[in-house]
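Scroll down for the structure; my scribbles are underneath it.
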Amino acid sequence: MKIFISGKITGDPDYREKFAQAEREILDKGHTVMNPAILPDGFEHAEYMKITLAMQSVCDATYMMPGWEESDGAKAEGIEATQIIYDLSEIPDIKRE
């Protein structure tokens, strides 16, 4: 499964680590991840939204990180989501031994 990570970025100084942790946990379950927190600094919010919505559009599901409700961008991503996941435990482990 391809999973997009959505959550609060603007105003959260720790967002990169939070997104990286979610990415590691999803990867450990054997899935592919689109992580918008890896994008470089320097774009306007509307430009980031164009990029993240494109990233999300090729994914099967969107993981809404805790605190997503505080982010206008994450709310917009939630509207566009094909399937929404609110808890990492909802993501099945597909790792093959």
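Everything numeric here is computed off the predicted structure, so don't read it as measured data.
One distance of note links CD1 of I26 with CG of D93; it measures 12.5 Å at 0.5 Å rounding. In this structure, the separation between NZ on K29 and OG on S89 is 7.0 Å, given to the nearest 0.5 Å. Interatomic distance, CG of N35 versus CG of L27, reported as 9.0 Å (0.5 Å rounding).
Side-chain heavy atoms closer than 4.5 Å link hydrophobic residues (I, L, V, M, F, W, Y) into clusters, and following such links, possibly through other members, connects M1 to I91. Criterion: ILVMFWY side-chain heavy atoms under 4.5 Å apart, direct or through other members. Under it, M49 and Y15 are not part of a common hydrophobic cluster. At a threshold of 4.5 Å between side-chain heavy atoms, the hydrophobic network of Ile, Leu, Val, Met, Phe, Trp and Tyr places L53 and M34 in two separate groups. Under a hydrophobic-cluster definition in which Ile, Leu, Val, Met, Phe, Trp and Tyr are linked whenever side-chain heavy atoms come within less than 4.5 Å, directly or via other members, L39 and F19 are assigned to different clusters. Hydrophobic clustering places V33 together with I9 (ILVMFWY residues linked when any side-chain heavy atoms are closer than 4.5 Å, directly or through intermediates).
Side-chain atoms of D12 and K18, non-hydrogen and from C-beta on, do get closer than 4.5 Å to each other. Side-chain contact check for E90 versus D87: some heavy-atom pair is nearer than 4.5 Å. Inter-residue side-chain proximity for E44 and Y48 is flagged as unmet; no heavy-atom pair is nearer than 4.5 Å. Looking at S6 and Y63, their side chains never come closer than 4.5 Å, going by heavy atoms from C-beta outward. Between I85 and M64, the closest side-chain pair of non-hydrogen atoms is not below 4.5 Å. Within the 4.5 Å cutoff, no side-chain heavy atoms of P66 are placed close to those of Y86. Considering only heavy atoms from C-beta on, I5 comes within 4.5 Å of M65 through its side chain.
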Run the numbers on I51 and M55 for side-chain contact (heavy atoms from CB on, under 4.5 Å), then give the verdict.
-> CA-CA 6 Å; I51 296 166; M55 293 169 74; 4.0 Å; yes
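At distances below 3.5 Å, at least one donor-acceptor pair connects side-chain atoms of D60 with backbone N or O atoms of K2. A donor-acceptor pair under 3.5 Å is absent between the side-chain atoms of E80 and the main chain of Q56, judged by distance alone. Under a 3.5 Å cut-off, the side chain of K8 and the backbone N or O of T10 do form a donor-acceptor pair. Between the R16 side chain and the A37 main chain, a donor and an acceptor come within less than 3.5 Å of each other.
For the residue pair T62 / Q83, no side-chain donor-acceptor distance below 3.5 Å is found, with atom types taken as modelled.
When all heavy atoms of S71 and A74 are compared, the closest pair comes out as OG-N, 3.0 Å.
Heavy-atom contacts from other residues, nucleotides or ligands closer than 6.0 Å to NZ of K50 number 12 or fewer.
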